[in-house]
Each structure stands twice: as C-alpha cells, then as structure tokens.
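Just so you know, these numbers come straight off a predicted model, no measurement behind them. Lettering of chains follows the sequences in order, A, B, ..., and the numbering in each one begins at 1.
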Amino acid sequence: MHIPDGFIDLKTAVSTAVVSAGGLAVAIYKVKSYFKAKVIALMGIISALIFALQMLNFTIPGGTSGHLLGGALAAIVLGPNAGAIVIAVVLIVQAFVFMDGGVVALGANIFNMAIVGVYGSYLIYWLIGKISKKRTIFLISVAVASWLSVVIASFFAALELGISGTYAMGITLKAMVGVHMIIGIGEVVITVAVIAFINKIRPDLILTRERSL
Amino acid sequence: MIDRRDYTFILVGIIAALVIAMFVSVFASSFPDGLEKAAENLGFINKAEQIVPESIFLIPDYVFGAVENELWQTSLAGMSGVLIILAVFGVVYLIYKAAGKKK
C-alpha cells in the first residue's frame, strides 16, 4: 500500500512526514540502549528479508494482489524501536531507488507502515503475550498482530486520502480496509511462518521473547 | 558478541533474502495491489503524479535497465535492493564500531 505522489495533498504529506521524523528520532534514541553488533546484524538481515518478501505479490480474489508489509515481523523479532527503523529503511530505499511509493508521500508511507504498523502490532503482541508465554499463545499473538498491522495501516492510508480530498472518506475507508482484511491473511501466513522458523532454530534471536523492548 | 552460530544465521539470512529477491520474485503476481485496486475502482488512480522525474531513479519499478531480459531485470533489481539495504546497515555497523573505539 505504498502511496504514490499525487494521492495525498501537501498538508497531509508534510504533517505525516513531521510525525514520522519525530517517531523515528525517538526510535533511534531508544534503540541505543540495546544497540550492539549482534542487533545491528539482525536488523540488516530482517530488513533485507522484508525487502525481498515485499517483492512477492500474491494474488487475492478479484484481480488484486497484496504483499507483505513486515511491520509485525520486524516489531516482534527486533522490538518496536528497531523494527520501525528497519521498515523505514526499506521504505526509503524503495522510494528513492525503485520509485515504489512517492517521494513526497514518503512521510505518509513511513507513518502508516513503519510507525502505526510497527507500534500498533507490537502493542497487540505485547498485550496477548501478557496472558501466557506458551508457544501456542505466542504464535496466536504473532498472527493477530500481523493481521491488524496491515488493516490499521490501510485504515490510516485511507484516512490520509480522505483528508486530502482525493475521494470521499467513508467509501475510501471501506474499500481500503475491506481489501486489506483479505491481504492481511497473506501477512499472517508469511509472518507466522518466518517467526515460527526463527523460533525453532534460534529462539534467542526473537529479541522480544526475552524481555519487552 | 557475535559467535559462529550467529555468523551461520547471518549467512543463511542473506542467502534467503537474495534467493527470494532474485528467483522467487519473478513469480510475483502482477495484479494491482490493494491501494491501486481501490484507486482504480473508485476512479482516482490517474491522480498519481510523477513529481520526481523517472530518470533520477536508479531502478524504477524494479526494472534493472542494463539488461534486456525481463526476468533478469526483476532478479537484478531484487539483488540490488537486498545489497543496498545490507550496505546501509553495514555503514551503521562501521559507525558503531568507530564510535566504540573512541571511548
């Protein structure tokens, strides 16, 4: 759901860019507390992996496709602060190298996918994790968090389109959230598969399992 | 710090990212994504504007222009993306190490 240039007006682009910049500044400041060589390496791997997985558009009914956003994946493996940075790096590279997502709209895309998608999904994951630390509950929390990260991000994208006057708010919200409720299923499948795999081979690398970050 | 098992994981991760970006990506669906589809259905898709000229982008639309073959265009675009992102974090790592030495 990378918003291209022209879909949102300047005031929406600027205000989301300001909020995103502030959010990322806080993320960078907070990430310092557990910044070490291993975490940087892990961030690089997850970032590269999410970029690769974002290229894999899967078909959903109705001649539409979706792809992973990776917000929940990054948040759960790395914690929300490092996760937000990782998704922002992917979006910045996509916008400036691959013309994927607008340059003026970059702030909005970072806001939707790297801020709302990451911190929102982490909150859900953290709340469900309070119930129990069992593997089943863990995987359920991953599934719920990843599905919601896509749906919430699409909600905010539609909100920005509506505020910009691109199209009627109500209809845009319904169309965007509706289609992303289906695309979110793909997000769940991929996120649960990747996290279950890492949890099996190197559970210690799912940094949020040990302590909340 | 980083032990042998970590290096294995890093290597596996990089290979996985490269394989997905280079060889699985060519099977990706080319249907419009959720946002594009909504924009088409509601009729605002043509509001999309090219504010920054396309010629500025290194690999516009995941098409690696230096080769003719469409499959390789996607593969090499994917490979470049993975390497660029790894390079970004490589630079972060170098800065981190340089900052650590000063202390």
So what's closer than 4.5 Å to chain A heavy atoms on [X]: side chain, backbone, both or neither?
| X | answer |
| --- | --- |
| B:Val24 | both |
| B:Thr74 | both |
| B:Glu54 | both |
| B:Leu86 | side chain |
| B:Lys37 | side chain |
| B:Ile45 | both |
| B:Ala87 | neither |
| B:Ile84 | side chain |

Looking only at non-hydrogen atoms, find the nearest pair between [X] and [Y] and report the distance.
| X | Y | answer |
| --- | --- | --- |
| A:Phe58 | B:Ser29 | C-CB, 3.9 Å |
| B:Gly13 | A:Leu49 | O-CD1, 4.1 Å |
| A:Val86 | B:Phe89 | CG2-CZ, 4.1 Å |
| B:Val82 | A:Ala52 | CG2-CB, 4.3 Å |

In the structure I gave you, are the side-chain heavy atoms of [X] and [Y] within less than 4.5 Å of one another anywhere?
| X | Y | answer |
| --- | --- | --- |
| A:Val90 | B:Ile85 | yes |
| B:Tyr62 | A:Asp100 | yes |
| A:Ile201 | B:Phe9 | yes |
| B:Leu35 | A:Val179 | no |

(message) Donor-acceptor pair, distance only, cut-off 3.5 Å: does the side chain of A:Arg202 make one with the backbone of B:Arg5?
(response)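 Confirmed, A:Arg202 side chain pairs with B:Arg5 backbone.
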
(message) Let's test your reading of the structure: which of A:Val103, A:Thr166, A:Ile182 forms the most heavy-atom pairs below 4.5 Å with chain B?
(response)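 The candidate making the most pairs under 4.5 Å is A:Thr166.
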
(message) Classify the ring geometry of A:Phe7 against B:Phe44: parallel below 30°, tilted from 30° to 60°, perpendicular beyond 60°.
(response)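 Ring orientation, 0 to 90° scale: perpendicular.
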
